[in-house]
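Below is one structure; the comments refer to it alone.
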2 protein chains.
Amino acid sequence: MERSDLPPDVVIRRLPLYARSLRYLLEEGIHSVSSQELGERINVTAAQIRKDLSYFGEFGKQGIGYDVEKLLQHIERILGINQHWPVALVGIGLLGQAIARYEGFRTEGIEIVALFDADPAKIGQKIGDLTVQDFAHARWVIVEKQIKLAIIAVPALQAQRVADVLIESGVRAILSYAPMILQVPEDVWVRYIDPVAVLQSMTYYLARDQQLEH
Amino acid sequence: MERSDLPPDVVIRRLPLYARSLRYLLEEGIHSVSSQELGERINVTAAQIRKDLSYFGEFGKQGIGYDVEKLLQHIERILGINQHWPVALVGIGLLGQAIARYEGFRTEGIEIVALFDADPAKIGQKIGDLTVQDFAHARWVIVEKQIKLAIIAVPALQAQRVADVLIESGVRAILSYAPMILQVPEDVWVRYIDPVAVLQSMTYYLARDQQLEH
DNA sequence: GATTGTGAACTACTTCACAGCA
DNA sequence: TGCTGTGAAGTAGTTCACAATC
């Protein structure tokens, strides 16, 4: 393969799963792994893993496999999660609070450093060591802290307005929990967390199987 | 196209987005829509929408487009969300509580009808009109209420054990928030909500753009 | 005139299968 | 001998482009 081939986005989206699995291996004290073994843990074929990694270099040893720690470091470097990425969270409802307190977000490159809400009842409230700030001041904080990544956890109808402000302030990637497709400039990345859509896509298969039973 | 072609899973996963957009159109009082207009709202090409729908039948009118209400009904029928799907939620931490209280889950086919946790401090607690039950009793409840769908919101290391019990009890589709790939029989569907992985995949592009600036 | 439904063409992604190396 | 890295083959998904038709 030409190294000039850009890695497809599907590959980029699998890398965090590889990284996580490698971290679990390390915790178990396993220091060497083959593409086969790694694949079995995360339900991906061995060929897929090898092909994915080949976009970025040669990290394994024939006859042996991969050094877990080294491969993890390579992947973290590729993803940029060896760096520190400050994240803004907008919307401190129940979901926002759960996100703000979730330990899993305090790992590998990502740290929530600012909380925003427009509700006066929420502004000033403390969550962990952070204080909820007025969304009206978001711009200043985002510029000041050089925040490029944001999480949106506001109701559907407010999501676009919030996204517009964030992007204007310098945010370049958004993770949105709002059930609403956002319109953004093409140099901004948006991904969605949409549990309802996910459940509704699974009911298709359940309904179909139910048919077959009768 | 042969109607006998099975719709690919990507198509099934897009249907809930089409349905949601159609509901929003109805709320705006719009009763007719072309594939072009619908596509612009959800950032999907017109051809994609038409092709997707063609797996299931012919729902539009040449020169006109689609009747919003009728198309919505067709899609809800296809997805099986015209039926009622009782859902079990396991893990009533902060995230579980946010999920249990989230209004968005109380729509279109889906209803959380049982809450489980293993923590004695949580068992008996009321959330909305539901009472948190001991996970040890999950099996009986799942069989009794014929629950086929479950949401897992427990820590990573407990997720597999929880999934095993759920599946043994009759659950056939799982939405997991745990950062852990589950091993399940092939007739069980699993999907993941993994915000950390999503954020970490976006840092790739941010890091790359940062490179280009220098 | 506008817009659907759909084969055909195209693009993207995955898997195969094996040379090459430890 | 065992396992990687990778072209080639195969499979899946998207877009094109246009006949059909409202």
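Values below: all heavy atoms of this structure, side chains included; hydrogens, waters and symmetry mates excluded. Throughout, protein chains are lettered first and strands after them, A, B, ... in sequence-line order, and every chain is numbered starting at 1.
The side chain of B:Tyr66 places an N or O atom within less than 4.0 Å of a non-bridging phosphate oxygen (OP1 or OP2) of C:dG5.
Taking a 4.0 Å limit (strictly below) on heavy-atom distances, residues 31-45 of chain A reaches DNA chain D at A:Ser34, A:Ser35. Heavy-atom distances under 4.0 Å link DNA chain D to no residue of residues 193-205 of chain A.
When each of C:dG5, D:dT14, D:dC16 is scored by its nearest atom to the side-chain atoms of B:Arg14, the top-ranked nucleotide is D:dT14. Of all nucleotides listed (C:dT4, C:dC13, D:dG5), C:dC13 comes nearest to the side chain of A:Val10.
Pairing each heavy atom of B:Pro195 with each of A:Phe105, the nearest pair is CB-CZ, 3.6 Å.
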Polar-atom pairs under 3.5 Å, protein N or O versus N or O of nucleotides 18-20 of chain D: list them with distances, or write none.
residue, atom, partner, partner atom, Å
D:dA20, N3, B:Gln62, NE2, 3.4

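Each of A:Gly63 and A:Asp52 has a nearest nucleotide on DNA chain C; the 5'-most of these lies closest to A:Asp52. Across the interface with DNA chain C, nearest-nucleotide mapping of A:Ile64 and A:Val11 shows A:Val11 to be the residue nearer the 5′ end.
Separating the CD1 atom in A:Ile151 from the OH atom in A:Tyr177 is a distance of 6.0 Å, to the nearest 0.5 Å.
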| said: One pair to check against side chain to side chain donor-acceptor pair (under 3.5 Å): A:Arg191 and B:Ser201. What are the steps and the verdict? | reply: CA-CA 10 Å; A:Arg191 304 233 159 132; B:Ser201 69; 2.6 Å; yes
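The backbone N or O of B:Leu182 sits less than 3.5 Å from a side-chain atom of B:Tyr192, completing a donor-acceptor pair. Formation of a donor-acceptor pair under 3.5 Å by the A:Glu69 side chain with backbone atoms of A:His31 is not found in this model.
At a cut-off of 3.5 Å, with distance as the only test, a side-chain donor of B:Glu40 or B:Gln36 sits close to an acceptor on the other residue. Between the side chains of A:Arg50 and A:Ser35, a donor-acceptor pair is found at a separation under 3.5 Å.
The pair A:Asp209-B:Lys148 does not meet the salt-bridge criterion, since no charged nitrogen lies less than 4.0 angstrom from a carboxylate oxygen.
C:dA22 atom C1' lies 15 Å from atom CG of A:Asp67, rounded to whole Å. In this structure, B:Glu58 places its CD atom 13 Å from C1' of D:dC22, rounding to the nearest Å. Separating the CD1 atom of A:Ile12 from the P atom of C:dC13 is a distance of 11 Å, rounded to the nearest angstrom.
In this structure, A:Phe56 and B:Tyr204 have perpendicular ring planes: the angle between them is above 60°, well past the 30° mark.
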